[in-house]
Peer 1: 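This is the structure I have questions about; it appears just below.
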Amino acid sequence: MLKLALPLRLHLSLVIVVGAALLQFNAWLCLGIYGAIALVWAAFLRVPIPQLGGLLGTELIFLSFMALPLGWERASFLLVRSLVCLVTMNSFLLTLPPHSFGIALKSLPVPAPIKANLLLAGQYLEILLDEVTRMQRSAQLRGLNGTVGWLRYTSAAMIGALYLRSLDRAERVYAAMVIRGYNGQLPVDATFRPKERFVLLVAWAIASGLTITSYNI
């Protein structure tokens, strides 16, 4: 498989998401093309389907509560467009190597404080998911297998324990980062090579053309 640098993967994911998000309402043909691109992108990144499906299901449940009051026609387009964006970004996030979110983040043209906040939020989410995995494994060892068993095991007390454990571990990780010299800046170089700039330029050109076309159909 052709390997892409993490910053380029992040930028290509953002091209798809921004292009789909700016589509004209009810431009189903262009949305379908973006949907096909998102599926190809997920297949290219070889995202684990069970994890992607579980994550999408949870996210769409929350989104449906906000979109359905807008009416079926508007809600259906918004949900499908959200699904395209979520498939793209979840595929990127689920295939990231551990603790490498900051390397991809370094290339974004946003102020340093925003990058630092996003980096720390990403680190905390990684820790939170790791603690959830540990607690699920612990539940399985107690004979609570399957979704029903896990939901029975999860209670207000367990959620509180999960929050305290993940917060305590996050503070220890941040202290270790500070001890190793972290001052809000990442000591990595995330500049694009000429070939990567060309790929990104072509991607932006295709996305711009597709999105602008949706306003002329």
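Just so you know, these numbers come straight off a predicted model, no measurement behind them. The first residue of the sequence shown is numbered 1, and numbering continues consecutively from there.
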Peer 1: Should Asn26 and Glu73 be marked as a side chain to side chain contact (heavy atoms under 4.5 Å, CB included) after you check the CA-CA gap, both sets of side-chain angles, and the distance that decides it?
Peer 2: CA-CA 9 Å; Asn26 255 351; Glu73 185 181 2; 3.1 Å; yes
Peer 1: Quick check: does any side chain N or O of Tyr34 sit under 3.5 Å from a backbone N or O of Ala207, one acting as donor and the other as acceptor?
Peer 2: yes
Peer 1: Under 4.5 Å between any side-chain heavy atoms of Leu86 and Leu63, yes or no?
Peer 2: yes
Peer 1: Is any side-chain heavy atom of Thr213 closer than 4.5 Å to a side-chain heavy atom of Tyr215?
Peer 2: no
Peer 1: Measure the CG-CZ distance between Leu22 and Arg81 for me, rounded to the nearest 0.5 Å.
Peer 2: 8.0 Å
Peer 1: For the side-chain contact (heavy atoms from CB on, under 4.5 Å) test, which of Val47, Leu52, Asn90 pairs with Thr95?
Peer 2: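 For Thr95, the side-chain contact (heavy atoms from CB on, under 4.5 Å) test succeeds with only one of Val47, Leu52, Asn90, which is Val47.
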Peer 1: Side chain of Glu171, backbone of Asp168: donor and acceptor closer than 3.5 Å?
Peer 2: no
Peer 1: Applying side chain to side chain contact (heavy atoms under 4.5 Å, CB included) to Phe25 and Ser214, what does each step give before you reach the verdict?
Peer 2: CA-CA 9 Å; Phe25 175 69; Ser214 71; over 6 Å; no
Peer 1: Is any side-chain heavy atom of Val199 less than 4.5 Å from a side-chain heavy atom of Phe192?
Peer 2: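 Answer no - side chains too far apart.
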Peer 1: After noting the C-alpha distance and the side-chain angles of Arg9 and Trp41, does the key distance pass the side chain to side chain contact (heavy atoms under 4.5 Å, CB included) rule?
Peer 2: CA-CA 10 Å; Arg9 283 162 56 179; Trp41 183 238; 4.3 Å; yes
Peer 1: Honestly curious: do Val40 and Ile16 fall in one hydrophobic cluster under the side-chain, below-4.5 Å linking rule?
Peer 2: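 Unlinked, Val40 and Ile16 end up in two clusters.
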Peer 1: Ignoring hydrogens and angles, tell me if any N or O in the side chain of Thr211 forms a donor-acceptor pair with the backbone of Gly19 under 3.5 Å.
Peer 2: yes
